[in-house]
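Only this structure's heavy atoms are used, side chains among them; waters, hydrogens and symmetry mates stay out. Below, read A as the first sequence line, B as the second, and so on, with proteins coming before strands; counting in each chain starts at 1.
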Amino acid sequence: MTGPAAKEAVVAPLLSWFRRNARDLPWRRGYDPYHILVSEFMLQQTQMDRVVVYFLEWIRRFPTLKALARADEAEALKLWEGLGYYSRCRNLLAAARTIVETWNGRVPEDPASLMTLPGIGPYTAGAVSSIAYNRPVPAVDANARRVVSRLEARPFRNDRDVASFLAGIIPDDEPRSFNQALMELGALVCTAARPSCDVCPLNSACKGRSSGAIPLTPSAAVMRRPTRPAAAAVLFAGGKVFLRRRPDAGLWAGMSEFPWEETAPDESPESAARRAIAPFYEETGAVGVIGPVSHAFTGNRIRLTGVLLRLRPERETPESLARAHGRWVPLETLSDETLPAGSRKLRDLLLRDVNSRSHPEMTPEGV
DNA sequence: GACACGTGGGT
DNA sequence: TACCCAAGTGT
């Protein structure tokens with residue numbers, strides 16, 4: 001059923017429910033296209049509650065598209081620290097610059113134009129077009145896919161099929177609310193794990209419910225490997241610590257981190273930490289341990305132990321050896337660095353310990 | 001179409 | 001602990 005009947009049974013109850021249950025989000029006050037653009041980038045594969053915090057900080061620092069277009073990438077990345085998928089941040093900045101240069105500073109309205117911008121695919125194009133400009137185009141995310149496939153009690157082959165179905169029922173007068181309502185319903189009521197059908201505004205129209213079969217969308221099911229132990233080297237000398245620079249492509253491209261390696265079976269954290277710095281340095285011995293912290297990333301999960309290593313100053317020349325592979329950073333400015341989550345957690349533990357004088361040997365006077 | 005790309009929270 | 005999930009995109 002894709003005709004007027006579906007519209008009657010679905011659209012009005014859905015919009016009515018949304019009016020009563022829409023969460024109060026910062027970008028829902030005025031629907032500034034720049035705000036919608038930022039929120040949609042941040043919301044890619046990321047949950048609402050976490051995004052709100054980052055969004056507010058971002059808008060405080062970059063209140064307008066033009067302000068963002070002028071920004072340093074390093075400063076933008078610092079604001080993104082901890083949110084993950086850092087190419088989103090780089091793409092958002094690049095998109096802002098392109099919009100200023102070739103779109104006269106105005107976020108494009110139509111999906112095809114939006115799709116030409118970096119980091120914007122079919123979903124984000126539809127979301128920005130409909131939510132920022134109230135254009136009647138579908139926005140198919142995981143929520144829309146799940147809600148629609150349950151509603152129709154049939155699998156959809158791909159997002160284009162879902163979009164075709166939605167194009168048939170999306171109301172011309174309220175596409176902004178309709179698309180948000182569909183996603184909001186999926187996030188709050190028609191959830192993946194345990195849908196609350198008894199309070200769902202669409203339960204009487206839902207074929208999945210009436211047929212007793214609530215199909216679940218095939219999950220991407222990223223197979224995680226079990227948690228493995230790893231060790232990071234917190235190598236220090238003269239009040240500075242060493243950070244390894246990651247390659248310009250791939251995981252955490254171009255970011256800095258404490259050098260780390262997975263620990264081999266029966267290997268100690270100290271040994272693994274030494275292996276991590278072996279390409280650059282020798283050291284005199286482990287003087288302490290921080291953590292462990294748990295760190296999950298793209299199919300992996302590690303328990304990361306930080307091993308404090310003191311550089312052997314009479315045998316190493318810190319600056320020259322490090323230059324190609326990393327940098328020495330003073331403890332005082334370590335919190336300014338943009339680090340992947342695992343290193344960030346270790347840094348926070350480290351700075352806490354340093355401030356409480358748990359590791360006096362790390363300060364310049366201690367060396 | 002498969003895979004890389006982060007992270008934290010829920011169960 | 002381990003698995004699943006989240007307003008996807010680029011290659």
(message) Can a donor-acceptor pair be found, under 3.5 Å and without considering hydrogens, that links the side chain of A:Arg176 to the backbone of A:Ile131?
(response) yes

(request) Answer with base, sugar-phosphate or nothing: what part of the nucleic acid does A:Leu182 contact at a heavy-atom distance below 4.0 Å? (result) nothing

(message) At less than 4.0 Å, is any side-chain N or O atom of A:Lys345 found next to OP1 or OP2 of B:dG8? Yes or no.
(response) yes

(request) Check every strand shown and say whether A:Leu83 touches a base, only sugar-phosphate, or nothing at a heavy-atom separation below 4.0 Å. (result) base

(message) Please pick, from C:dA7, C:dC5, B:dT7, the nucleotide with the shortest atom-to-atom distance to any side-chain atom of A:Ala192.
(response) C:dC5

(message) Could you check whether A:Asp248 pairs with A:Arg245 (Lys NZ or Arg NE/NH1/NH2 to Asp/Glu carboxylate O, under 4.0 Å)?
(response) yes

(message) Need one value for A:Met48: base, sugar-phosphate or nothing, where a base atom within 4.0 Å counts as base even if backbone is also close, heavy atoms only.
(response) base

(message) Could you tell me how far C:dA7 sits from B:dC3 if I compare only their P atoms? Round to whole Å.
(response) 24 Å

(message) Between A:Leu14 and A:Ser16, is there a side-chain heavy-atom distance shorter than 4.5 Å?
(response) no

(request) Assign A:Gly186 to base, sugar-phosphate, or nothing according to its heavy-atom contacts below 4.0 angstrom with the strands shown. (result) nothing

(request) Return no unless some side-chain N or O of A:Tyr86 is found under 4.0 Å from OP1 or OP2 of B:dT7. (result) yes

(request) Round to the nearest Å and state the distance from A:Asn143 atom CG to C:dA6 atom C1'. (result) 8 Å

(request) Check whether any side-chain nitrogen or oxygen of A:Ser87 sits under 4.0 Å from OP1 or OP2 of C:dG10, and answer yes or no. (result) no

(request) Between A:Ala249 and A:Arg157, name the one whose nearest nucleotide on DNA chain B is closer to the 5' end. (result) A:Arg157

(message) Using a strict threshold of under 4.0 Å (side-chain N to carboxylate O), is an ion pair present between A:Glu257 and A:Lys345?
(response) no

(request) Specify the residue among A:Ser294 and A:Arg194 whose closest nucleotide of DNA chain B lies further upstream toward the 5′ end. (result) A:Ser294

(request) Between C:dA7, C:dG10, B:dG8, spot the one nearest the side chain of A:Asn91, thanks. (result) C:dG10

(request) Round to the nearest Å and state the distance from A:Phe41 atom CZ to C:dT9 atom C1'. (result) 9 Å

(message) For a quick check of understanding: with a heavy-atom distance under 4.0 Å over all strands, which category does A:Thr124 fall into, base, sugar-phosphate or nothing?
(response) sugar-phosphate

(message) The side chain of A:Arg301 is closest to which nucleotide in this list: C:dA6, C:dC4, B:dC5?
(response) C:dC4

(request) Map A:Pro118 and A:Ala187 onto DNA chain C by nearest heavy atom, then report which one ends up closer to the 5' terminus. (result) A:Ala187

(request) Look at A:His295 and B:dG6 and indicate whether a side-chain polar atom (N or O) is within less than 4.0 Å of OP1 or OP2. (result) no

(message) Whole angstroms only, please: what is the CG-P distance between A:Asp159 and C:dG8?
(response) 10 Å

(message) Once rounded to the nearest 0.5 Å, what's the spacing between atom CD1 of A:Ile99 and atom CG of A:Asn104?
(response) 11.5 Å

(request) Please state how far atom CG in A:Asp141 lies from atom C1' in C:dT9, giving the value in whole angstrom units. (result) 14 Å

(request) For B:dT7, take OP1 and OP2 only and decide whether either is under 4.0 Å from a side-chain N or O of A:Trp252. (result) yes

(message) Please compare A:Arg303 and A:Glu184 by the position of their nearest nucleotide in DNA chain C and report the one closer to 5'.
(response) A:Arg303

(request) Calculate the interatomic distance between A:Tyr85 atom OH and B:dA4 atom P; express it in whole Å. (result) 11 Å

(message) Looking at A:Arg344, I'd like to know whether one of its side-chain N or O atoms comes within less than 4.0 Å of OP1 or OP2 on B:dG8.
(response) yes

(message) Strictly below 4.0 Å: does A:Thr46 bring a side-chain N or O up to OP1 or OP2 of B:dG8?
(response) no

(message) With a 4.0 Å cut-off on N to O distance, would you call A:Arg70 and A:Glu75 a salt bridge?
(response) no

(message) How many whole angstroms separate atom CZ of A:Arg228 from atom P of C:dC3?
(response) 12 Å

(request) Taking only Lys NZ, Arg NE, NH1 and NH2, and the carboxylate oxygens of Asp or Glu, determine whether A:Arg145 and A:Asp159 approach each other closer than 4.0 Å. (result) yes

(message) If the cut-off is 4.0 Å, is A:Arg146 near the phosphate of C:dA6, judged by side-chain N/O to OP1 or OP2?
(response) yes

(request) Check every strand shown and say whether A:Ala127 touches a base, only sugar-phosphate, or nothing at a heavy-atom separation below 4.0 Å. (result) nothing

(message) When the P atoms of B:dG6 and C:dT11 are compared, how many Å lie between them, rounded to an integer?
(response) 14 Å

(message) Measuring only the P atom in each nucleotide, how far is B:dC5 from C:dA2? A whole number of Å is fine.
(response) 23 Å

(request) Determine the contact category for A:Arg28: base if any of its heavy atoms lies under 4.0 Å from a base atom, sugar-phosphate if only primed atoms, P, OP1 or OP2 are that close, otherwise nothing. (result) base

(message) What's the closest nucleotide to the side chain of A:Leu251 if the choices are B:dG6, C:dA6, C:dG8?
(response) B:dG6

(request) Return no unless some side-chain N or O of A:Gln44 is found under 4.0 Å from OP1 or OP2 of C:dG8. (result) no

(message) Could you tell me how far apart A:Arg88 (CZ) and B:dG6 (P) are, to the nearest whole angstrom?
(response) 9 Å

